[in-house]
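What follows is a short report on a single structure.
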Amino acid sequence: MKLVIIGGGGFRIPGVYEAIAADDAPVRIDDLVLYDVSADRLETIRRVVDALAPRFAHAPRVTASTDLAHALAGADFVFSAVRIGGSAGRVTDERVALGLGLLGQETIGPGGLAYALRTLPFMTDLARTIREVAPDAWVINFTNPAGIVTEAMRAVLGDRVVGICDTPIGLIRRALQAVGATAGSEVSFDYVGLNHLGWLRGLVVDGRDALPGLLASDAALEEIEEARLMGFDWVRAIGALPNEYLFYYYFAREARERIRAAAETRGEFLDRQQSAFFQEPGTDPLASWLRVRHEREASYMAESRESDEERHAEDVDGGGYQRVALDLMAALATGRSATMILNVRNGGSVPQLPEDAVVEVGCRVDADGVHPLPIAPLSSEMLGLIAPVKAAERLVIAAAREGSRSLAWRAFAAHPLVDSVAVAEQLLARYAAKFPEIDRLLC
């Protein structure tokens, strides 16, 4: 099978390669094509991948290309992992919001909407190219903001594009470990939300709902990073385990102040770190890459922890989105049914949202495609958070599609982390001033 990675010069690509080439990979890739607009970044990542190859008995053939149509031709699967504007763009996403007294974060709030505005035109064009040269390919999207991007690409590719994220499945993995589930346990769950905004509301292990007992136990909650972030009293109060990104909604004030008080934002840290790696990978680029990757993962969501608190080792080494992508590929390619959490068409999963909206829910995947699993109705409390965020997402998609400055303003104003229409207008003006591609897009 042929896999094409769009954004093949990205820092995280060698981790995807490790998962693909591993002895226990759930599906075998014969040809791996790395596509990127930057030949220099492709060359650096290719050197890391070439150094990894001797470690694996099933290493795929790897080629690199800056020709999109040529790279995509004959693809069975396409991974999308691009960052329009690079890590420097992320810094701007964060700093503009912080400068107006709002949360400055990559995918949550105004930063995520700005990221979407400059990303959606490229992703829509990518979807059209895939439809033309690889119409039978499955597209697995982990370009952020993943829910927004997946929804926009679905307008071109329909059900053959699926969005993934590793945070929900990581939450379930930790919960199962905390309740003592084994490899042979029969498991089902109830998870619902949007990308980076969801809750685990039920966890049935061998016919018994294990979630109430888990929530009642301090020892069990101590094993779950999300519970430590949000506080045991809060997860008990809501009767669910939140996705870790809900920290930015539940503790927006605290998150904002910690980010503002830090010497640098997360984006500035990554920009400095990865720019140094790509500029000087050294004589042993693999060793440099491994060191930088560990620093990156250990510092993830640092603003949600106290200054002297480190991530638990098991939370750092969770398998990542690449494992989710491979499990999805394996189910689609082999027909071996798998249950996972994906970003897919709503249909009737959440009746209060449009049917063509993308939601993040449990799904069964097999050779016939992706099938959302039934979920319990949303509480008004959860719907009250999901609905305005989804409204902002759909407005920003419409703004990018129509080139409308008015719709973009409405998107910023609709988001619950933006507390003023006037501030929303300032956000848009400042992002447009910083990003020529946004200014050109909107009229």
Side-chain angles (χ1 to χ4, degrees), residues 90-116 144-149 163 165-168 170-171 191-200 224-235 237-238 240-262 264-270 296-297 299-307 309 311 315 321 343 359-360 381-393 396 411-420 423-424 427 431:
R90 176 173 179 168
V91 173
T92 301
D93 292 337
E94 295 168 343
R95 282 296 177 190
V96 166
L98 288 169
L100 288 170
L102 303 175
L103 177 76
Q105 206 279 334
E106 174 194 19
T107 63
I108 304 299
L113 296 178
Y115 189 7
N144 276 323
I148 300 175
V149 170
C165 182
D166 59 335
T167 55
L171 169 60
Y191 182 95
V192 63
L194 309 178
N195 182 238
H196 291 179
L197 198 172
W199 299 265
L200 177 62
I224 299 175
E225 186 171 31
E226 292 80 356
R228 299 195 304 271
L229 295 181
M230 249 64 77
F232 296 177
D233 289 344
W234 180 244
V235 299
I238 64 174
L241 288 173
N243 182 298
E244 60 194 348
Y245 281 89
L246 273 159
F247 178 84
Y248 296 114
Y249 293 94
Y250 289 147
F251 298 93
R253 180 189 299 262
E254 292 84 353
R256 183 180 65 245
E257 292 310 311
R258 289 181 187 179
I259 292 170
R260 293 180 66 178
E264 58 185 357
T265 67
R266 169 76 170 167
E268 287 165 340
F269 166 76
L270 292 176
R296 173 191 176 112
E297 292 175 347
S299 63
Y300 175 67
M301 287 188 71
E303 62 271 11
S304 64
R305 301 185 298 276
E306 298 299 333
S307 59
E309 181 184 358
R311 296 188 77 192
D315 296 326
Y321 66 91
N343 287 268
V359 295
E360 192 168 76
E381 176 184 4
M382 292 177 178
L383 182 62
L385 187 51
I386 286 177
V389 173
K390 176 50 69 176
E393 292 183 353
V396 85
F412 283 106
H415 200 284
L417 292 178
V418 178
D419 57 4
S420 161
V423 170
L427 280 167
Y431 282 125

Next on the checklist: Working note: Leu417 + Gln105, criterion side chain to side chain contact (heavy atoms under 4.5 Å, CB included); need CA distance, chi angles, decisive distance, verdict.
Outcome noted: CA-CA 11 Å; Leu417 292 178; Gln105 206 279 334; over 6 Å; no
Checklist entry - So, do Ile386 and Leu197 sit near enough that their side-chain heavy atoms are less than 4.5 Å apart? => result yes
Checklist entry - Rounded to the nearest 0.5 Å, what separation is found between the CG atom of Leu113 and the CG atom of Leu427? => result 9.0 Å
Item to check | Glu393: side chain to side chain contact (heavy atoms under 4.5 Å, CB included) partners, not counting sequence neighbours | outcome: Ile148, Leu194, Val389, Lys390
Checklist entry - Which value, rounded to the nearest 0.5 Å, describes the distance between Thr265 atom OG1 and Ile259 atom CD1? => result 8.0 Å
Checklist outcome for this item: Separation between OH (Tyr245) and CG (Leu229), nearest 0.5 Å, reads 11.0 Å
Checklist entry - How far apart are the closest heavy atoms of Phe247 and Arg258, and which atoms are they? => result CZ-NH1, 4.0 Å
Next on the checklist: Which label fits His415 and Tyr249: parallel for a plane angle under 30°, tilted from 30 to 60°, or perpendicular past 60°?
Outcome noted: parallel
Checklist outcome for this item: Tightest non-hydrogen contact, residues Pro416 and Leu385, listed as CG-CD1, 4.3 Å
Checklist entry - Do Val235 and Ile224 have side-chain heavy atoms sitting under 4.5 Å apart? => result no
Checklist entry - Rounded to the nearest 0.5 Å, how far apart are CG of Asn144 and CG of Asp93? => result 11.0 Å
Checklist entry - Which atom names give the shortest non-hydrogen contact between Tyr250 and Met230, and what distance separates them? => result CD1-CG, 4.0 Å
Item to check | Non-hydrogen atoms of Leu246 and Gly198 that approach each other most closely | outcome: CD1-O, 3.2 Å
Checklist entry - Any side-chain heavy-atom pair from Arg266 and Glu106 closer than 4.5 angstrom? => result no
Checklist entry - Are Arg90 and Glu94 close enough, and set up right, to give a salt bridge (Lys or Arg N to Asp or Glu O under 4.0 Å), and what steps lead you there? => result CA-CA 6 Å; Arg90 176 173 179 168; Glu94 295 168 343; 3.2 Å; yes
Checklist entry - To the nearest 0.5 Å, what is the distance between OH (Tyr248) and CZ (Arg256)? => result 13.5 Å
Checklist entry - Which value, rounded to the nearest 0.5 Å, describes the distance between Leu200 atom CG and Leu171 atom CG? => result 5.0 Å
Checklist entry - Is there a side-chain contact between Ile238 and Trp199 (heavy atoms, below 4.5 Å)? => result yes
Checklist entry - Of all residues at least two apart in sequence or in a different chain, which pass the ring pair (Phe, Tyr, Trp, His ring centres under 6.0 Å) check with Tyr191? => result none
Next on the checklist: Quick one, Val359 with Val192, criterion side chain to side chain contact (heavy atoms under 4.5 Å, CB included). Give me CA distance, side-chain angles, the key distance, then yes/no.
Outcome noted: CA-CA 8 Å; Val359 295; Val192 63; over 6 Å; no
Checklist entry - Is Arg260 close to Leu98 at the side-chain level, that is, under 4.5 Å between some pair of heavy atoms? => result yes
Checklist entry - If every non-hydrogen atom of Ala116 is compared with every non-hydrogen atom of Val396, which pair is closest and at what distance? => result CB-CG1, 4.2 Å
Next on the checklist: I need the minimum non-hydrogen distance between Cys165 and Thr167, along with the two atoms involved.
Outcome noted: SG-OG1, 3.1 Å
